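Below: the structure, in structure tokens.
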Amino acid sequence: QVQLVESGGGLVQAGGSLRLSCAASGRTTFSSYAMDWFRQAPGNEREFVAAISRRGSTTYYADSVKGRFTISRDNAKNTVYLQMNSLKPEDTAVYYCAAGATLTLSLGGMDYWGKGTLVTVSS
């Protein structure tokens with residue numbers, strides 16, 4: 001069982017930056033899980049944002065955030081991060097971190113979810 005808690009969301013102007021964190025706890029080893037970030041804007045379905053392998057050697061990004069967002073992890077701190085730069089109003093959403101046994105971009109492939117943190121980008 002893994003518990004995930006996101007933090008770092010807030011209100012930022014377009015062009016600004018935020019760093020989200022997701023802290024993991026539980027009886028299993030954080031480094032056993034690939035980690036993803038997803039987001040869900042009002043009225044939209046939840047969508048993939050970024051993923052990172054268990055040791056951090058492989059990353060994937062949605063085309064909409066490539067070049068602006070960076071996913072990273074610190075297994076010693078049981079934490080995954082999402083650095084978001086050059087934010088746009090269309091990045092406004094609740095951001096969720098998720099853990100999965102395998103590296104996947106699919107919502108269905110995730111085993112554990114956090115409750116999300118709201119990011120609002122004003123124009």
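Any value given below was found using the heavy atoms of this structure, including those in side chains, with hydrogens, waters and symmetry copies removed. Treat the numbers as computed from the prediction; the structure is a model and nothing was measured.
To the nearest 0.5 Å, the span separating OG1 on Thr79 from CE on Met35 amounts to 9.0 Å. Distance check, rounded to the nearest 0.5 Å: CG of Asp111 to OG1 of Thr102 gives 7.5 Å. The SG atom of Cys22 sits 15.0 Å away from the OH atom of Tyr95 when rounded to the nearest 0.5 Å.
Residues passing the side-chain contact (heavy atoms from CB on, under 4.5 Å) test with Thr70 are Tyr61, Gln83, sequence neighbours excluded. With sequence neighbours left out, Asn44 forms a side-chain hydrogen bond (donor to acceptor under 3.5 Å, both in side chains) with no residue at all.
A pairwise comparison of heavy atoms in Ser17 and Asn85 identifies OG-OD1, 2.9 Å as the closest pair. The shortest heavy-atom contact between Thr92 and Val121 is OG1-N, 2.9 Å. Closest non-hydrogen pair, Ile52 versus Ser72, comes out as CD1-CA, 3.6 Å. For Asn75 against Ser31, the heavy-atom pair with the smallest separation is ND2-CB, 3.5 Å. Nearest heavy-atom pair, Arg73 versus Arg55, reported as atom, atom and distance to 0.1 Å: CD-C, 4.5 Å. Nearest heavy-atom pair across Arg39 and Ser64 is NH2-OG, 3.4 Å.
Between Glu6 and Lys115 there is no salt bridge, since none of the side-chain N atoms of the basic residue sits less than 4.0 Å from a carboxylate O of the acidic one. The pair Asp63-Lys66 meets the salt-bridge criterion, since a charged nitrogen lies less than 4.0 angstrom from a carboxylate oxygen.
Met84 and Tyr81 fall into different hydrophobic clusters, defined by Ile, Leu, Val, Met, Phe, Trp and Tyr side-chain heavy atoms under 4.5 Å apart, directly or through other members.
Classification of the Tyr33-Tyr112 ring pair by plane angle, with boundaries at 30° and 60°, yields perpendicular.
Cluster partners of Phe38, using a side-chain heavy-atom cutoff of under 4.5 Å among ILVMFWY residues and allowing indirect links, are Phe48, Tyr60, Val94, Tyr96, Leu103, Leu105, Leu107, Met110, Trp113, Leu118.
Among the candidates Leu20, Thr117, Val119, the single residue satisfying the side chain to side chain contact (heavy atoms under 4.5 Å, CB included) test with Leu82 is Leu20.
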